[in-house]
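The structure appears right after this line, and notes come after that.
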Amino acid sequence: HPDDRKRVMNLVSNSANKGIPLEYETRIILKNKEFIYYVKADVIKNKEGKPARLVGTIQDITERKKTEEELAQYKFIIEQSTQEVAFADLEGNLMFVNDAWAKNHGYSKEEMVGKHLSISHDKTEVKVIEEFNKILMKKGKNSGEIIHKRKDGSVYNTLMNNFVLNVAGKPKYLVGMAVDITERKKVEENNKRLSDIIEKTFEPIALIDFGKTNILNYVNPAWEKMFGYSAKEVIGKKVGLLLEALELDPQLRIKFRLAIKTGKIFSAEMHWKHKDGKLINVEVVSVPIHDDEGNIINWFNTVRDITERKNAEEAIGKSERRYRRLFETAKDSILILNAHNGKIQDANPFIQESLGYSLKELIGKEIWQISPFRNIVANKKKFLKLKKEKYVHYENLPLETKKGEVKHVEFVSNVYGVNGEQVVQCNIRDITERYNIAQKLLESEEKHRLLYETSPDAIMTLAPPSWNFTSGNKAIIKMFGVKD
């Protein structure tokens with residue numbers, strides 16, 4: 001090449017005159033086409049020790065130079081890239097690594113260049129790397145997840161994209177590009193754990209796009225089991241179960257639409273229909289899922305079968321209503337006391353009527369503060385004894401009403417639990433009428449006894465069938481002279 005001629009002649013002359021090896025690159029024009037050659041030669045001396053000729057080789061490096069020039073153009077970009085990049089020869093010796101590759105591996109670039117690429121991998125990964133490179137050499141490219149090792153021995157996950165770089169139509173270099181996916185792998189592993197939990201949980205779960213489509217994107221096995229549909233039957237279709245329930249309840253529909261609009265958690269009890277048509281009482285909780293920009297991309301829905309709970313609540317409600325009717329209509333006076341402090345929690349209408357105290361006068365008072373009960377429960381100490389015995393039954397106790405009227409009552413108390421708390425139920429039955437009759441009977445019996453004892457006539461009683469003498473008054477004893 002005309003521009004190289006002078007430089008080449010000087011190099012050749014210098015080599016011949018001084019007897020030193022010759023080595024240079026030059027451009028040559030052949031048939032109007034430019035080539036680049038690499039020349040290397042040694043000086044051959046004659047018998048007198050003077051340079052006689054040059055003997056060497058000439059190598060066409062045109063393609064290699066083009067490759068080097070192209071690489072040089074990208075060198076700055078490669079150096080600045082946060083992606084790890086490395087070049088190695090076909091034997092796996094590192095020829096170049098960028099700053100990201102060296103930094104992530106914990107080495108300087110100088111420490112890595114010239115070393116075998118195995119410096120970047122743990123011994124346990126040798127077989128994986130060998131298999132990876134076999135595919136790379138066969139296909140000219142390969143990608144996959146490879147574990148890399150740092151200088152300190154720690155490891156990290158990468159996604160490798162490798163290819164073979166050809167020079168002059170022949171494989172020359174192995175180029176590797178690695179992306180650290182350690183954090184991504186952690187996220188994937190975490191997602192896998194969460195997925196396993198969702199798949200195995202007994203609670204039905206569904207992902208639903210409530211934005212515009214109301215499409216079911218996912219249901220777990222528990223959901224399939226509860227409603228009788230397979231995932232294949234419902235995924236990608238509108239969630240008709242929810243829509244039907246909302247159509248039946250306008251207030252619920254308004255609440256649901258507001259939650260979707262505002263992105264707030266929605267929860268409600270409703271009826272969803274099983275595949276066989278059976279209605280199931282469910283509690284639905286919908287939680288919005290956001291992307292990195294804060295946009296709602298899905299709704300995470302848990303569905304709980306509350307049929308048993310609703311049945312139990314209904315049964316309890318019926319029982320409570322039944323008890324309340326008995327409580328309200330009972331012709332016995334009833335007090336409900338807090339077992340801890342003896343305060344009156346409830347009183348039925350009959351006790352208000354019979355004692356003359358209003359409900360307001362009774363509620364919240366300690367039982368011994370209400371004068372009619374002072375004879376029964378004089379103080380807290382006596383109340384605690386009543387509580388300890390669990391069951392107390394008193395017959396014929398006098399009870400004074402608010403107006404001062406004395407009534408005779410039968411008092412029964414029982415201790416039992418209600419919603420985890422101990423209460424004392426006191427039943428007070430008015431037996432005044434029965435008491436008065438008994439008193440009159442006693443008076444009558446006493447009257448007749450006196451008549452019998454004081455009568456001047458002889459009176460005796462005989463018992464059949466032998467008609468033996470059983471008793472007699474003073475007159476009969478005197479008549480027969482019997483002392484006893």
Side-chain angles (χ1 to χ4, degrees), residues 267 269 281 283 285 304 306-439:
S267 64
E269 294 179 2
N281 272 307
E283 179 184 39
V285 179
R304 183 174 298 169
I306 58 171
T307 304
E308 288 187 9
R309 191 190 84 193
K310 297 297 284 186
N311 290 340
E313 287 175 356
E314 187 176 348
I316 291 169
K318 285 181 180 178
S319 177
E320 288 179 348
R321 288 191 295 273
R322 212 163 34 238
Y323 170 79
R324 197 69 200 177
R325 281 196 297 270
L326 291 171
F327 182 80
E328 296 286 347
T329 59
K331 294 305 177 182
D332 283 348
S333 298
I334 302 173
L335 287 175
I336 305 297
L337 314 177
N338 183 305
H340 176 67
N341 53 31
K343 289 185 178 181
I344 299 171
Q345 293 181 336
D346 205 355
N348 72 335
F350 192 77
I351 197 170
Q352 301 169 52
E353 180 184 329
S354 61
L355 296 182
Y357 289 90
S358 67
L359 190 64
K360 186 177 180 180
E361 290 175 296
L362 295 171
I363 297 298
K365 300 287 193 308
E366 293 165 331
I367 188 170
W368 52 86
Q369 291 180 317
I370 308 299
S371 59
F373 299 104
R374 285 175 183 161
N375 292 331
I376 303 172
V377 186
N379 51 44
K380 188 171 184 179
K381 187 176 180 180
K382 200 167 182 180
F383 170 76
L384 292 174
K385 182 182 177 184
L386 181 151
K387 173 187 170 184
K388 183 179 180 181
E389 291 177 0
K390 302 289 184 183
Y391 175 81
V392 175
H393 184 192
Y394 295 119
E395 285 275 5
N396 193 22
L397 291 174
L399 202 68
E400 186 177 343
T401 67
K402 188 177 182 180
K403 292 180 179 179
E405 179 186 354
V406 176
K407 292 187 177 185
H408 291 271
V409 299
E410 177 185 2
F411 183 91
V412 179
S413 73
N414 289 281
V415 180
Y416 57 89
V418 176
N419 297 326
E421 293 184 0
Q422 293 283 298
V423 297
V424 179
Q425 179 173 315
C426 302
N427 287 57
I428 304 108
R429 178 168 293 176
D430 187 348
I431 60 168
T432 303
E433 187 176 347
R434 188 176 75 188
Y435 173 80
N436 290 339
I437 292 171
Q439 287 299 111

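Note that the coordinates shown come from a computational prediction; the quantities given were computed from them, not determined experimentally.
Side-chain contact between R429 and R434 is absent, with no heavy-atom pair separated by less than 4.5 Å. The side-chain heavy atoms of Q425 and I334, taken from C-beta on, include a pair separated by under 4.5 Å. By the 4.5 Å heavy-atom criterion applied to side chains, P349 and E328 are counted as neighbours. L399 places a side-chain heavy atom less than 4.5 Å from the side chain of L355.
We find the CD1-SG distance between I336 and C426 to be 8.0 Å, quoted to the nearest 0.5 Å. The NE2 atom of H393 sits 10.0 Å away from the OG atom of S413 when rounded to the nearest 0.5 Å. The CD atom of Q352 sits 13.0 Å away from atom OH of Y357, with the distance rounded to the nearest 0.5 Å. E405 CD to T432 OG1: the interatomic distance, rounded to the nearest 0.5 Å, is 7.5 Å. To the nearest 0.5 Å, atoms CG (L326) and CZ (R321) are separated by 13.0 Å. Here the CG atom belonging to N281 is positioned 11.5 Å from the CD atom belonging to E308, to the nearest 0.5 angstrom.
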Apply salt bridge (Lys or Arg N to Asp or Glu O under 4.0 Å) to the pair E313 and R309, showing each step before the final yes or no. CA-CA 6 Å; E313 287 175 356; R309 191 190 84 193; 3.2 Å; yes
Could you please spell out the steps behind the side-chain contact (heavy atoms from CB on, under 4.5 Å) verdict for Y391 and V412? CA-CA 7 Å; Y391 175 81; V412 179; 3.6 Å; yes
Could you walk me through whether I351 and L362 pass side-chain contact (heavy atoms from CB on, under 4.5 Å), step by step? CA-CA 10 Å; I351 197 170; L362 295 171; 4.2 Å; yes
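There is no side-chain donor-acceptor pair under 3.5 Å between E433 and H408.
A cation-pi arrangement is not found for K331 relative to F350, the charged atom failing to lie both closer than 6.0 Å to the ring centre and inside a 45° cone about the ring normal.
Put simply, the side chain of N348 gets close to the backbone of F327: a donor and an acceptor are under 3.5 Å apart.
Annotation: E421, atom CD; neighbour count of heavy atoms from other residues, nucleotides and ligands within 6.0 Å does not exceed 12.
For the residue pair V423 and Q345, the shortest heavy atom distance occurs at CG1-OE1, 3.7 Å. Annotation for V406 and P398: closest pair CG1-CB, 4.1 Å, computed over non-hydrogen atoms. Counting all heavy atoms, side chain and backbone alike, A347 lies closest to L359 at O-CD1, 3.5 Å. Counting all heavy atoms, side chain and backbone alike, V415 lies closest to Q422 at CG1-OE1, 3.2 Å.
Using a cutoff of 4.0 Å between basic side-chain nitrogens and carboxylate oxygens, K310 and E314 are not scored as salt-bridged.
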